Amino acid sequence: MRKYNWAVKGVIFMLAVWLIIYIGIPYFDDTKPMEPEKNLINLIIAIPAGVAFGWYRYKYLKEKFQSKQGKE
């Protein structure tokens, strides 16, 4: 599981973003309806987006940064 730690971190991040957007913001803005069940398609899209974000942020950028540090 340690090998795919970046994917788990990305999915958790995107789920947190989904929770903030569709559950957290309506508590403070009365013009937005609190109906997160209507936004489940966005939740389904958030999972592969989280994997892509996790790969980019925690794997690709880390490897790129380490390779640049090694060149200097």
Side-chain angles (χ1 to χ4, degrees):
M1 188 63 188
R2 198 156 174 80
K3 186 177 180 182
Y4 298 105
N5 196 10
W6 53 268
V8 173
K9 287 180 183 177
V11 169
I12 289 172
F13 176 77
M14 285 300 178
L15 290 176
V17 168
W18 185 85
L19 286 172
I20 290 169
I21 290 173
Y22 294 110
I23 295 174
I25 291 176
Y27 278 121
F28 302 106
D29 188 3
D30 292 336
T31 62
K32 306 268 187 210
M34 283 184 35
E35 297 172 343
E37 61 275 358
K38 287 188 177 179
N39 299 305
L40 288 179
I41 259 204
N42 294 339
L43 179 61
I44 293 168
I45 293 170
I47 294 171
V51 171
F53 172 79
W55 173 81
Y56 180 75
R57 166 65 179 90
Y58 297 108
K59 193 167 183 181
Y60 175 76
L61 286 180
K62 183 178 177 184
E63 291 172 358
K64 192 170 183 175
F65 178 73
Q66 287 175 348
S67 69
K68 288 203 183 251
Q69 290 292 337
K71 290 182 181 179
E72 293 178 357

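This one's a predicted model, so the numbers in the text were calculated from it and none came from an experiment. All heavy atoms count here, side chains included; hydrogens, waters and symmetry mates do not.
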Atom pair [atom1]/[atom2] of [X] and [Y] - distance to nearest 0.5 Å:
X: Met14; Y: Asn42; atom1: CE; atom2: CG; value: 12.0 Å
X: Ile45; Y: Trp18; atom1: CD1; atom2: CH2; value: 12.5 Å
X: Lys64; Y: Gln69; atom1: NZ; atom2: CD; value: 13.5 Å
X: Arg57; Y: Phe13; atom1: CZ; atom2: CZ; value: 10.0 Å

Fill in: Contacts of Leu15 that satisfy side-chain contact (heavy atoms from CB on, under 4.5 Å) - sequence neighbours left out
Val11, Leu43

Worksheet item: For Tyr60, which residues count as a ring-ring contact (aromatic ring centres under 6.0 Å, His included) partner, sequence neighbours excluded?
Response: Trp55, Tyr56

Practice prompt. Using ring-ring contact (aromatic ring centres under 6.0 Å, His included) as the criterion, list what pairs up with Tyr58, not counting sequence neighbours.
Written response: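 Tyr58: no ring-ring contact (aromatic ring centres under 6.0 Å, His included) contacts found.
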
